[in-house]
Amino acid sequence: MKIDSDLMRGVTPSVILNLLKARKMYGYEMIKVVNERTNNVFQWKEGSLYPCLHKLESSKLIQSEWLTAANGKRRKYYSLTSNGLEVLDAKKAELNLFLHSVNTLFENALI
Amino acid sequence: MVKVDLDRFLDQLTAGLKADRELRMEVRQELATHIMDRYEDNLRMGLSDAESYEQAIKAFGNILELSDQLTEANMERMSSKSKFYRTCTALLIPALVICAFVMYFPGANIIKGMACVIKDKHGEQIFFDIFSDLEQADRSDSSRFTAAQRLILYGDLSHKNKSDRLKAVCDEFPQNKAFHAEYTGFLVSETDHYDKNNKEIRNAVKVGKEIDPNNALYNYILANYLFSRSCNMEYSAKTVIGTRLKITNRTAFDQALEEYHKGTQKKFYRNYAKELTLKRMQIFGKSYHFLDNLYFLVQNAKEPDPHVNYMCHIPVFVWTYAYQQAEAGNKVNVLKAVAPYKSYINQLSSGTNTLAGQSSAARLCADGARFIPEIYKRTGLKKQAAEVQNILSNTAQKIRTAIKKELKESSSQSIRSYMPWVTSVFCHYYSWDKFSRQQLLNGMAIEYIFAAKYWVVVMNTVLLMMIIGYIAAAFHYHRITGQKAVLLAPSARFIGKMLFFGVFIPVVTFFLVSNIHFLSGQNINIACNYPKFILQCLLLLAVILCIISTMIRNHISKRCTELDIRAANNDKTTLFLKFKYAFFIVLTTMAYFPLEFFTGNDIEVYKTAAWQLGVTGVIFIFLFALAAAVRSVIKLRKDKAAAIYYGSYAKTMVPVLALAVIVITAVIIPAIDLREQLLVKQDEAVYSSEGYYFPGELKLINFMKEAISSGLNKLPPVR
């Protein structure tokens with residue numbers, strides 16, 4: 001099933017922050033991880049990832065550095081800032097509340 | 001994978017970040033690494049090299065949309081230089097609004113100097129005059145005159161009919177011979193009055209005879225009126241003179257003949273046309289108001305010497321009648337009818353101080369040379385017939401040669417040949433004899449500046465309409481993609497383009513326009529070249545707009561990759577651009593080189609055809625533009641890719657066009673106005689020191705009078 005792009009766009013920043021909480025990652029890696037973990041339900045494209053990444057960096061929620069990988073390639077790795085961590089917690093709570101509310105609404109609607 | 005293609009793709013993707021080179025390089029490198037990673041993965045999955053590359057690029061989606069998203073996302077991080085550019089671009093919009101506001105609402109002249117955009121020297125609104133007819137232009141222009149001056153110029157404007165307006169002037173000045181002559185002449189020139197206002201014409205003639213008893217004018221006016229009502233003139237191949245008269249009302253015809261004879265016995269003939277026109281010219285002012293004067297003459301005076309037409313017709317009625325009487329063997333009636341012709345032509349020649357009047361007298365000499373000998377021959381006066389033919393035709397020929405010689409070097413040859421009445425009034429303004437060429441060019445430059453102001457407003461209006469269209473497209477783009485289309489930070493290179501197209505091009509255009517009379521071989525007198533000048537301006541506008549739109553379209557088109565939805569149109573775009581460049585060359589050539597430059601023929605040959613072609617062309621272009629606009633709107637509404645394309649296009653077009661409008665409104669117009677003021681000052685200094693008559697004109701009138709008089713004196717008396 002394909003998820004609506006507007007819905008996807010809304011959660012993309014939270015997903016990125018959550019990924020970076022675990023470890024530093026580069027753009028392409030994030031796409032691969034998300035697509036794998038969601039069994040391609042989330043079909044992330046570069047077109048939606050990079051503007052979001054750059055916006056988060058501009059907002060100082062994440063930071064970047066150029067590192068050399070084991071294969072010798074230089075890549076731009078992103079990591080979470082302390083601000084980003086706080087926002088992530090807030091976003092998580094917000095998202096949980098949202099999902100809970102949506103579920104409640106849907107369950108009541110079925111009754 | 002071809003590196004060049006990747007570089008091009010990355011260039012286009014990061015085009016909005018050009019203002020911050022370091023940031024752009026970083027983003028570029030990041031995206032390049034990403035593409036390489038995906039490309040390698042694709043190869044490992046078994047795709048071919050080309051497919052791997054294509055899939056890696058395709059994953060980025062619509063390039064224009066992503067480019068804008070990246071620009072917007074990085075806006076905060078861009079350097080202060082880009083913020084400065086962004087601020088400047090954003091400031092264009094309020095500046096544009098101010099310019100538009102000032103241009104279209106003269107009450108809002110908050111920026112001194114801009115008011116001239118739509119106002120002429122007397123505060124009249126030029127823009128609205130473009131769309132008003134000439135009659136309205138007269139009325140709007142009349143506000144600068146006093147009530148007394150308006151009465152002399154236009155008559156009483158409270159009346160709808162021209163005859164009532166003129167009658168009101170006669171009522172105001174009951175003893176004024178000139179006003180009454182004009183009123184009576186106008187009555188007979190209006191065909192409606194032939195049937196409806198018989199009484200009015202007779203009354204006017206009666207009053208005219210009372211206030212000006214020695215003037216033959218009213219006899220001739222009545223004679224012409226009665227001839228027109230009492231007989232029909234037909235062309236007839238059977239007669240040697242080529243005409244035949246059918247009398248329908250014998251009483252009225254005899255009365256007409258009687259009025260003709262009475263007129264030839266009067267002391268003089270005067271129609272006061274020139275005196276009135278000169279009086280009005282004095283009120284109108286200097287050559288600056290040349291166009292006003294033309295409007296005035298065409299709409300109000302019809303001709304400064306409206307009497308010359310019927311004065312030429314009257315003898316033809318009489319001579320045709322005499323010819324028919326001669327054929328019938330009625331010798332007494334023949335000689336009675338023909339005898340006064342010398343007096344008639346003499347009266348016309350000596351009583352008329354216009355070239356038109358003299359030309360009419362000369363024409364009567366030529367007609368007389370054709371009619372009178374034939375009449376004499378049929379009454380047995382063969383010797384006199386030969387003598388009359390010889391003298392009258394020689395006189396007419398001599399005058400024709402003199403006119404041709406005198407006017408050959410004149411500035412407004414074509415207008416003079418078609419409208420000798422204009423010559424008789426205006427030639428003192430454009431005389432070669434009196435003023436230096438520089439002074440004449442000075443006067444001409446003023447006329448062109450006056451005309452250029454119309455063009456400026458038209459051009460600004462077109463640009464504003466384009467801006468509105470692009471802003472609408474940008475909003476649609478914003479609605480569909482969520483991107484801030486219009487005010488995204490432009491790159492340094494884009495600023496350069498904006499300066500080039502928004503500042504350099506308008507400045508150069510106006511330099512060309514203000515000097516177009518030097519560049520395009522225009523003649524001294526704008527009146528005969530005015531249509532050509534307007535055509536050149538319009539062509540120039542078309543060229544400028546085409547260049548701007550082509551260059552920007554080219555710029556946008558380069559941003560589209562093979563994978564973009566618009567890629568299919570790239571070939572068409574290239575072809576279109578090639579065609580457009582050829583179109584520029586043709587238009588520019590047409591604009592700057594008149595047709596006679598290539599062919600050596602007189603422009604008059606092409607004028608009619610050009611007008612017809614031009615009007616047809618304008619209608620077609622308008623319909624084509626309308627169809628294209630409708631097509632674009634439909635496409636824009638249905639097609640997301642088109643919305644992105646035009647929205648992105650708008651991002652480039654709006655600031656460029658806005659800057660052009662601002663430069664034209666705030667810099668070029670005041671500059672033109674300043675130049676105009678300087679030229680008018682110089683012009684007034686020249687004209688304030690001069691009298692009215694143009695030596696060449698006086699010389700010619702005197703020559704014609706002398707030639708006609710001496711020619712007539714040589715003629716044998718009619719017994």
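In what follows, chains are A, B, ... by sequence order, proteins preceding strands, each numbered from 1. Only this structure's heavy atoms are used, side chains among them; waters, hydrogens and symmetry mates stay out.
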Discussion item. Are more than 12 heavy atoms, taken from residues, nucleotides or ligands other than Arg74(A), located less than 6.0 Å from that residue's CZ atom?
Written reply: yes
Practice prompt. Can you measure from NE2 (His34(B)) to CG (Leu49(A)) and round to the nearest 0.5 angstrom?
Written response: 7.0 Å
Discussion item. Report which part of Leu31(B) has an atom under 4.5 Å of a heavy atom belonging to chain A: side chain, backbone, both, or neither.
Written reply: side chain
Worksheet item: Does a salt bridge link Lys32(A) with Asp37(B), judged by any charged N lying under 4.0 Å from a carboxylate O?
Response: no
Practice prompt. Rounded to the nearest 0.5 Å, what's the gap from CD on Gln69(B) to NE2 on His54(A)? Could you check?
Written response: 12.0 Å
Worksheet entry | Heavy-atom closest pair, residues Ala73(B) and Ser58(A) | O-OG, 3.1 Å
Practice prompt. Over all heavy atoms of both residues, which pair between Trp66(A) and Glu30(B) is shortest? Give the atoms and the distance, please.
Written response: CH2-N, 3.6 Å
Practice prompt. For residues Tyr26(A) and Thr33(B), determine if any side-chain heavy atom of one lies less than 4.5 Å from a side-chain heavy atom of the other.
Written response: no
Discussion item. With rounding to the nearest 0.5 angstrom, report the CE to NZ distance, Met36(B) to Lys73(A).
Written reply: 5.5 Å
Fill in: Leu56(A) versus chain B, the contacting section by heavy-atom distance below 4.5 Å
neither
Worksheet item: Quick one: CG on Leu13(B) to OH on Tyr50(A), what's the gap to the nearest 0.5 Å?
Response: 10.5 Å
Response to the item:
Under 4.5 Å to a heavy atom of chain B? For Ser59(A) that would be neither
Worksheet item: What are the two closest non-hydrogen atoms of Leu66(B) and Pro51(A), and how far apart are they?
Response: CD1-CG, 3.6 Å
Worksheet item: Under the side chain to side chain contact (heavy atoms under 4.5 Å, CB included) criterion, do Ser64(A) and Glu26(B) qualify, and how do the steps go?
Response: CA-CA 11 Å; Ser64(A) 64; Glu26(B) 191 183 319; 4.2 Å; yes
